[in-house]
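Computation of the quantities below employed the complete heavy-atom set of this structure, encompassing side-chain atoms and omitting hydrogens, waters and symmetry-equivalent molecules.
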Amino acid sequence: MVPIYNEVDNLPDLVARIGQAMAGQPLTWELLAVDDGSSDGSRARLRELAAATPWLRPVMLARNYGQSSALQAGFDRVRGRYVVTLDADLQNEPGDIPLLLQRLETDPEVDMVSGWRKDRQDAELSRKLPSRIANKLISNATGVHLHDYGCALKAYRRPIIDRIRLYGELHRFIPSLAKEAGARIAEVPVRHHARTRGVSKYGIDRTFRVILDLILIVFFMRYRQRPLHAFGGLGLWLAAPGALILLWLLVVKLFGHDIGGRPLLLVGVMLVLMGAQMIAAGLIGELLTRIYHEAGGAPQFHAEEVVVDSEPNQPSAPAPSAQSAPQNIA
């Protein structure tokens, strides 16, 4: 599956190279190409390519919603056992797709394979340095340690895709979301090429947005089902010193000293009020979480039941062949 935004010059080569990479694969497959409201003729080019390419399945979004929405639109339409994503700018190497699929086919302990652009062909200061800082920060904050969060070339087992939802700009944190959904993640080095056509959609300004999104992801991973621990904990840290300040001022007042004009009184009152507000916000969050889950929202956990054969001497039914399951490529 490929999200596309203003990549008209790259589309013919992209489709051709994906076709070449998948030509020798035993799995049946299709290519979902999600156009995210392109304005450069990419939509018309996709229609032309689809008319001559039976395995190309275009999806046209009404306007430019962003990469996360484009990816989710594709995830909602996948039909196979595996899902592979990559960018449309041809900086990812389509020839590496079989490498990721082979890892999923041969290693049942892995649910997601993330590409690592070990020899990245991008500008050092504007692209590589901010990415290294972001990768280190995200890895330490989420506990999902990867060298390259920004690599679009990734492969997933279908159940993992079904468990996650993308919105805003959360596409940068798919490994963290997948880990939260129970995925076992591996990272493999992949090739990377310099952009030769089109214009990059990313700049140095994304660094600040990553920090804000990271706060959301950390909260989501640690406190989604217990918001009182987050807000209430912060509230206690604020209210406790405020209460101690007010208690000390009370003792001072009992000894006959005037405390009405002391700035410390305002500090104590503000800390107690802020702490109470945070605790109240946590309680409201707990109520919303309970309502959300009990009303049929996202499940609290994902589980897989192990079926034990009660008659071990009976021959088991043959497993379906890999060729019978379609595979979506992105």
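Rounded to the nearest 0.5 angstrom, Asp40 CG and Asn6 CG are separated by 4.0 Å. Here the CG atom belonging to Leu214 is positioned 8.0 Å from the CD1 atom belonging to Ile211, to the nearest 0.5 angstrom. Expressed to the nearest 0.5 Å, how far CG of Leu56 lies from CD of Glu30 amounts to 9.5 Å. For the atom pair Arg103 CZ and Leu100 CG, the distance stands at 9.5 Å (nearest 0.5 Å). Atom NE2 of residue His171 and atom CG of residue Leu166 lie 9.0 Å apart, to the nearest 0.5 angstrom. Distance OH/Tyr156 to OG/Ser114: 7.0 Å, rounded to 0.5 Å.
No side-chain donor-acceptor contact under 3.5 Å links Gln67 and Tyr5. Side-chain polar atoms of Ser131 and Arg117 form no donor-acceptor pair below 3.5 angstrom.
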After noting the C-alpha distance and the side-chain angles of Ile185 and Leu146, does the key distance pass the side chain to side chain contact (heavy atoms under 4.5 Å, CB included) rule? CA-CA 9 Å; Ile185 303 173; Leu146 296 176; 4.2 Å; yes

Full working for side chain to side chain contact (heavy atoms under 4.5 Å, CB included) between Leu104 and Val110: CA-CA 6 Å; Leu104 290 179; Val110 172; 4.1 Å; yes

Check the pair Arg290, Leu287 against side chain to side chain contact (heavy atoms under 4.5 Å, CB included), reporting the backbone distance first and the verdict last. CA-CA 5 Å; Arg290 180 177 294 274; Leu287 292 175; 5.6 Å; no

Could you please spell out the steps behind the side chain to side chain contact (heavy atoms under 4.5 Å, CB included) verdict for His193 and Gln121? CA-CA 6 Å; His193 307 294; Gln121 304 300 310; 5.6 Å; no

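Within the 4.5 Å cutoff, side-chain heavy atoms of Leu216 are placed close to those of Leu170. Between Thr196 and Leu90, every side-chain heavy-atom pair lies at or beyond the 4.5 Å cut-off. The closest side-chain heavy-atom distance from His147 to Pro189 is not below 4.5 Å. A heavy-atom distance below 4.5 Å is not found between the side chains of Val8 and Ser38. Two residues are said to be in side-chain contact when any heavy atoms from C-beta on lie closer than 4.5 Å; Met60 and Arg47 meet this criterion. You'll find the side chain of Gln20 stays beyond 4.5 Å of the side chain of Pro94, heavy atoms only.
Residues in residues 13-24 take part in these salt bridge (Lys or Arg N to Asp or Glu O under 4.0 Å) pairs, two or more places apart or across chains: Asp13-Arg197, Arg17-Glu93. Under the salt bridge (Lys or Arg N to Asp or Glu O under 4.0 Å) criterion, the residue pairs touching residues 210-221 are Arg172-Asp213, with sequence neighbours excluded.
Residues meeting the side chain to side chain contact (heavy atoms under 4.5 Å, CB included) test with Ser139, sequence neighbours left out: His145, Tyr149. Scanning for side chain to side chain contact (heavy atoms under 4.5 Å, CB included) contacts around Ala276 gives an empty result, with sequence neighbours left out. Partners of Phe220 by ring pair (Phe, Tyr, Trp, His ring centres under 6.0 Å), not counting sequence neighbours: none found. Legend: residues meeting side chain to side chain contact (heavy atoms under 4.5 Å, CB included) with Arg158, ordered by chain and number and at least two apart, are Val78, Asp162. In this structure Trp55 satisfies the ring pair (Phe, Tyr, Trp, His ring centres under 6.0 Å) test together with Trp29, sequence neighbours excluded. Contacts of Asp111 classified as salt bridge (charged side-chain N to carboxylate O under 4.0 Å, His left out), with partners at least two apart in sequence or in another chain: Arg157, Arg184. A search for salt bridge (charged side-chain N to carboxylate O under 4.0 Å, His left out) contacts involving Asp76 returns Arg165, not counting sequence neighbours. Evaluation of the salt bridge (charged side-chain N to carboxylate O under 4.0 Å, His left out) rule for Asp36 yields no partner, not counting sequence neighbours.
Here the shortest heavy-atom pairing between Gly182 and Arg163 reads CA-NH1, 4.4 Å. Pro241 approaches Trp237 most closely through the heavy-atom pair CD-O, 2.9 Å. Here the closest non-hydrogen pair linking Ile4 and Ala33 is CD1-CB, 3.7 Å. Shortest non-hydrogen contact noted between Ala21 and Pro98 is O-CG, 3.5 Å. Residues Val34 and Ala73 come closest through the heavy atom pair CG1-CB, 4.2 Å. Nearest heavy atom pair, residue Leu86 against residue Pro3, reads O-CD, 3.5 Å.
Residues Leu244 and Val251 do not share a hydrophobic cluster, defined by chaining ILVMFWY side chains whose heavy atoms lie under 4.5 Å apart. Residues Ile279 and Met270 do not share a hydrophobic cluster, clusters being chains of Ile/Leu/Val/Met/Phe/Trp/Tyr side chains in contact below 4.5 Å. Cluster membership for Val83 and Ile160, using ILVMFWY side-chain heavy atoms within less than 4.5 angstrom, is not shared.
Here the side chain of Arg45 pairs no donor or acceptor atom with the backbone of Asn10 at under 3.5 angstrom. For the pair Thr289 (side chain) and Gly285 (backbone), a donor-acceptor distance under 3.5 Å is present. At least one donor-acceptor pair under 3.5 Å links the side chain of Glu187 to the backbone N or O of Asp148. No donor-acceptor distance shorter than 3.5 angstrom exists from the side chain of Asp87 to the backbone of Asp89, with no hydrogens or angles considered. Without hydrogens or angle criteria, Arg57 side chain to Leu32 main chain gives no donor-acceptor distance under 3.5 Å. In this structure, the side chain of Arg43 does not engage the main chain of Ser39 through any donor-acceptor pair within 3.5 Å.
Cluster note: Trp116 groups with no other residue, as no ILVMFWY side-chain heavy atom lies under 4.5 Å from it. Residues Phe219, Tyr223, Phe231, Leu234, Leu238, Ile245, Leu246, Leu249, Val252, Ile259, Leu264, Leu265, Val267, Val269, Leu271, Val272, Leu273, Met274, Met278 make up the rest of the hydrophobic cluster containing Trp248, defined by ILVMFWY side-chain heavy atoms closer than 4.5 Å, directly or through other members.
A salt bridge links Arg195 to Glu7: one of the charged nitrogens lies within less than 4.0 Å of a carboxylate oxygen. With respect to Arg81 and Glu105, a salt bridge is recorded, a charged nitrogen being found less than 4.0 Å from a carboxylate O.
For the side-chain contact (heavy atoms from CB on, under 4.5 Å) test with Leu153, the passing option among Leu99, Thr85, Ile97 is Ile97; the others fail.
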